[in-house]
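Every value quoted in this text rests on a predicted model; they were computed, and no experiment measured them. Worth knowing before you read on, the calculation uses all heavy atoms, side chains too, and leaves out hydrogens, waters and symmetry mates.
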Amino acid sequence: MRVLVQRVSSARVSVDGDTVGAITPEGQGLVALVGVTHDDDVNTARRLADKLWRLRILDDQRSASDVGAPILVVSQFTLYADTAKGRRPSWNAAAPGTVAQPLVTEFAEALRRLGAQVATGRFGAHMQVELVNDGPVTVLLEL
């Protein structure tokens, strides 16, 4: 599982012109683009959620858990693109939707159980993600 995290001052995700998830933090929030590969499991999702919740990338080296920063979770299978050969990415390392969807859902639910205010995109939909990256700060999380 890979989670590309961006520190933001605002973010929203839309499907067919309708906003399906948004955060407008007082201060900063996080956008988590989540990719799943074949050998990921529920434990991986939970451990990465905990890591994100406690990751000290907000102002004054604070974490989302320290300040209650909201998190927007968006599924992103393209994080597992293989571009080593040719000009057309291979998606073979990305888990199929039947594997990935429950794990992205578990990742978001694990964050909620930790106390996070979580908004989400819509799995499998063509989404438009708008965000204002603050810093800019972008970090790739893996276990």
Could you state whether [X] and [Y] fall into the same hydrophobic cluster, counting links through intermediate Ile, Leu, Val, Met, Phe, Trp or Tyr residues with side-chain heavy atoms under 4.5 angstrom apart?
{"X": "Leu140", "Y": "Val74", "answer": "yes"}
{"X": "Met1", "Y": "Phe123", "answer": "yes"}
{"X": "Val104", "Y": "Leu131", "answer": "no"}
{"X": "Leu58", "Y": "Val3", "answer": "yes"}
{"X": "Leu33", "Y": "Val139", "answer": "no"}

Min side-chain heavy-atom separation [X]-[Y] under 4.5 Å:
{"X": "Val31", "Y": "Val5", "value": "no"}
{"X": "Val132", "Y": "Val8", "value": "no"}
{"X": "Pro96", "Y": "His38", "value": "yes"}
{"X": "Asp66", "Y": "Arg56", "value": "yes"}
{"X": "Gln117", "Y": "Pro25", "value": "no"}
{"X": "Asp39", "Y": "Thr44", "value": "no"}

Step by step, would you call Leu4 with Thr138 a side-chain contact (heavy atoms from CB on, under 4.5 Å)? CA-CA 7 Å; Leu4 186 67; Thr138 302; 3.6 Å; yes
Going through the checks in order, is the side-chain contact (heavy atoms from CB on, under 4.5 Å) test met by Asp82 and Asn92? CA-CA 8 Å; Asp82 181 355; Asn92 291 338; over 6 Å; no
Got a donor-acceptor contact below 3.5 angstrom from the [X] side chain to the [Y] backbone?
{"X": "Arg46", "Y": "Glu106", "answer": "no"}
{"X": "Thr78", "Y": "Ala81", "answer": "no"}
{"X": "Asp41", "Y": "Asn43", "answer": "yes"}
{"X": "Asp50", "Y": "Arg54", "answer": "no"}
{"X": "Arg112", "Y": "Val118", "answer": "yes"}
{"X": "Asp40", "Y": "Thr37", "answer": "yes"}
{"X": "Gln28", "Y": "Asp59", "answer": "yes"}

So which atom in [X] and which in [Y] form the shortest heavy-atom distance, rounded to 0.1 Å?
{"X": "Trp53", "Y": "Leu111", "result": "CB-CD2, 4.1 Å"}
{"X": "Gly29", "Y": "Ala69", "result": "CA-CB, 4.1 Å"}
{"X": "Val99", "Y": "Pro102", "result": "O-CD, 3.4 Å"}

Going by the side-chain contact (heavy atoms from CB on, under 4.5 Å) test, name the single residue among Val34, Leu72, Val73 that passes it with Thr120. Val73
Cation-pi geometry met for Arg2 and Tyr80 (6.0 Å, 45°): yes
Quick one: do Trp91 and Phe77 satisfy ring-ring contact (aromatic ring centres under 6.0 Å, His included)? Show the steps, please. CA-CA 8 Å; Trp91 312 113; Phe77 78 93; 5.2 Å; yes
List the steps and the verdict of side-chain contact (heavy atoms from CB on, under 4.5 Å) for Met127 and Ser75. CA-CA 10 Å; Met127 296 177 275; Ser75 61; 3.9 Å; yes
Pairwise distance [atom1]([X]) to [atom2]([Y]) - rounded to 0.5 angstrom:
{"X": "Ile57", "Y": "Arg7", "atom1": "CD1", "atom2": "CZ", "answer": "7.0 Å"}
{"X": "Arg122", "Y": "Ser14", "atom1": "CZ", "atom2": "OG", "answer": "10.0 Å"}
{"X": "Asp16", "Y": "Asp18", "atom1": "CG", "atom2": "CG", "answer": "7.0 Å"}
{"X": "Leu52", "Y": "Ile71", "atom1": "CG", "atom2": "CD1", "answer": "4.5 Å"}
{"X": "Glu142", "Y": "Leu48", "atom1": "CD", "atom2": "CG", "answer": "8.5 Å"}

Taking atom types as modelled, is there a side-chain donor on Arg12 or Thr19 under 3.5 Å from an acceptor on the other? yes
